There are 2 protein chains.
Amino acid sequence: MTTEPVGAERAVELARVFKALGDPVRLRLLSLIASHEGGEACVCELTGVFDLKGPTISHHLKVLKEAGLITGDRRGTWIYYRVSPDTLRGLADVLALDDAGVPA
Amino acid sequence: MTTEPVGAERAVELARVFKALGDPVRLRLLSLIASHEGGEACVCELTGVFDLKGPTISHHLKVLKEAGLITGDRRGTWIYYRVSPDTLRGLADVLALDDAGVPA
DNA sequence: CCTCTGTCTCGACATCCATCGAAACAAGGA
DNA sequence: TCCTTGTTTCGATGGATGTCGAGACAGAGG
């Protein structure tokens with residue numbers, strides 16, 4: 001087994017997503033969105049949870065969006081965010097592989 | 001459903017581990033260790049894979065170790081690292097919960 | 001048109017982080 | 001003991017990141 005399970009380029013992509021999860025606020029944002037009724041939440045419902053100003057929340061949501069972890073669409077005045085299950089599942093798969101050692 | 005699935009303190013712990021995974025080099029180190037014969041690898045076998053000096057590899061291994069993702073023990077001249085499956089599985093569980101939305 | 005509210009962008013600041021060279025520490029062998 | 005090799009720690013430096021205030025943009029409703 002000389003081949004590396006996680007290659008250099010793939011590691012860069014994965015690291016970008018894991019880095020997006022590497023902040024307590026973003027982790028809680030993702031959790032709040034995922035658990036919110038209907039699987040989506042607007043920014044106004046997320047901002048009040050933290051002792052952080054609007055621009056900071058907006059920044060974290062942008063990071064999550066650019067990592068492919070959430071998507072947002074505007075409906076009228078409000079912007080609703082929901083999680084992207086595929087990206088999350090991809091990460092879980094990688095962790096499972098690392099856990100199992102050498103893959104099939 | 002007003003309770004937050006991932007609370008504030010737990011988010012801090014989880015973020016620390018995800019942050020450790022948020023670097024391409026550390027991701028590949030973890031992968032290399034996990035896939036190496038016997039489930040363990042010594043630093044000398046890891047250093048040559050990257051265009052990085054010894055201190056940098058040592059630093060990344062320290063970050064992984066402090067995150068609880070790997071353990072290292074010295075046997076004679078060499079130090080062997082192996083992955084901690086429990087920590088990895090814990091992360092996979094969290095991702096699965098976020099994916100599923102509201103947990104059971 | 002104006003205003004109000006929700007959200008984002010921009011620019012700044014302090015802090016953190018990845019990387020390295022130099023030096024220290026650990027273990028084995030001459 | 002000294003030397004050599006493997007690994008870590010220390011200190012420094014350039015670049016990334018979290019946070020915020022001020023302002024801009026978008027949409028709804030007078």
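Note that this is a predicted model, so its numbers are computed, not measured. Each chain gets a letter, A, B and so on, in the order the sequences are listed, and its residues count up from 1.
- Distance, B:Glu66 CD to D:dT8 C1': 13 Å, rounded to whole Å.
- Here B:His59 does not reach the OP1 or OP2 of C:dC20: none of its side-chain N or O atoms lies under 4.0 Å away.
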For this session: Start with the C-alpha distance between A:Leu32 and A:Phe50, add both sets of side-chain angles, then the distance that settles side-chain contact (heavy atoms from CB on, under 4.5 Å), and finish with yes or no.
Result: CA-CA 12 Å; A:Leu32 285 167; A:Phe50 306 88; 4.0 Å; yes
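- The interatomic distance linking B:Phe50 (CZ) with C:dT19 (P) rounds to 10 Å, in whole Å.
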Which atoms of nucleotides 13-15 of chain D (N or O only) lie under 3.5 Å from a protein N or O atom, and what are those distances?
none

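- Rounded to an integer number of Å, the gap from B:Lys53 NZ to D:dT5 P is 17 Å.
- The interatomic distance linking A:Arg75 (CZ) with C:dG6 (C1') rounds to 15 Å, in whole Å.
- Here A:Asp98 contributes atom CG and B:Thr87 contributes atom OG1; the two are 12.5 Å apart, rounded to the nearest 0.5 Å.
- The side chain of B:Arg26 lies closest to C:dA18 when the candidates are D:dT19, C:dA18, C:dC20.
- How far CD1 of B:Ile57 is from NE2 of B:His59: 10.5 Å, rounded to the nearest 0.5 Å.
- Residue A:Tyr81 places at least one side-chain N or O under 4.0 Å from the OP1 or OP2 atom of C:dC8.
- Taking CD1 of B:Ile33 as the start and OH of B:Tyr81 as the end, the distance is 8.0 Å to the nearest 0.5 Å.
- In this structure, B:Ser35 contributes its side chain and A:Pro5 its backbone to no donor-acceptor pair below 3.5 Å.
- Taking only side-chain atoms of A:Pro55, from C-beta outward, the nucleotide of C:dC8, D:dT19, C:dT19 with the closest atom is C:dC8.
- The residue A:Ile57 sits apart from the nucleic acid: no heavy atom pair falls under 4.0 Å.
- If you measure from atom CG of B:Leu64 to atom C1' of D:dT8, you get 15 Å, rounded to the nearest angstrom.
- Proximity of A:Lys19 to the phosphate of D:dT17: a side-chain N or O atom is located under 4.0 Å from OP1 or OP2.
- For C:dA18, the OP1/OP2 oxygens have no side-chain nitrogen or oxygen of B:Thr56 closer than 4.0 Å.
- Taking only side-chain atoms of A:Arg74, from C-beta outward, the nucleotide of C:dC8, D:dT19, C:dG6 with the closest atom is C:dG6.
- At D:dG27, none of the side-chain N or O atoms of A:Thr77 fall inside 4.0 Å of OP1 or OP2 (strictly under the cut-off).
- When rounded to the nearest whole Å, the span between CG of A:Leu61 and C1' of C:dC8 equals 11 Å.
- Checked by atom type and distance alone, the side chain of B:Ser31 never pairs as donor or acceptor with a backbone atom of B:Leu27 at under 3.5 Å.
- In this structure, B:Ile79 and A:Asp51 both approach DNA chain D, and ranking their closest nucleotides by distance from the 5' end singles out B:Ile79.
- Within the nucleic acid shown, A:Gly54 has no heavy atom closer than 4.0 Å to any nucleic acid atom.
- Side-chain atoms of A:Thr47 come within 3.5 Å of backbone atoms of A:Val43 as a donor-acceptor pair (strictly under, hydrogens ignored).
- C:dA26 atom P lies 17 Å from atom CG of B:Asp73, rounded to whole Å.
- No salt bridge links B:Glu13 with B:Arg16; every basic N to acidic carboxylate O contact stays at or beyond 4.0 Å.
- Comparing atom distances between the B:Val25 side chain and each of C:dT19, C:dT7, D:dT7 picks out C:dT19 as nearest.
- Mapping B:Leu52 and A:Trp78 onto DNA chain C by nearest heavy atom places A:Trp78 at the nucleotide closer to the 5' end.
- When each of D:dT9, C:dT9, C:dT7 is scored by its nearest atom to the side-chain atoms of A:Lys62, the top-ranked nucleotide is C:dT9.
- If you take CG of A:Asp23 and C1' of D:dG18, they are 7 Å apart, rounded to a whole angstrom.
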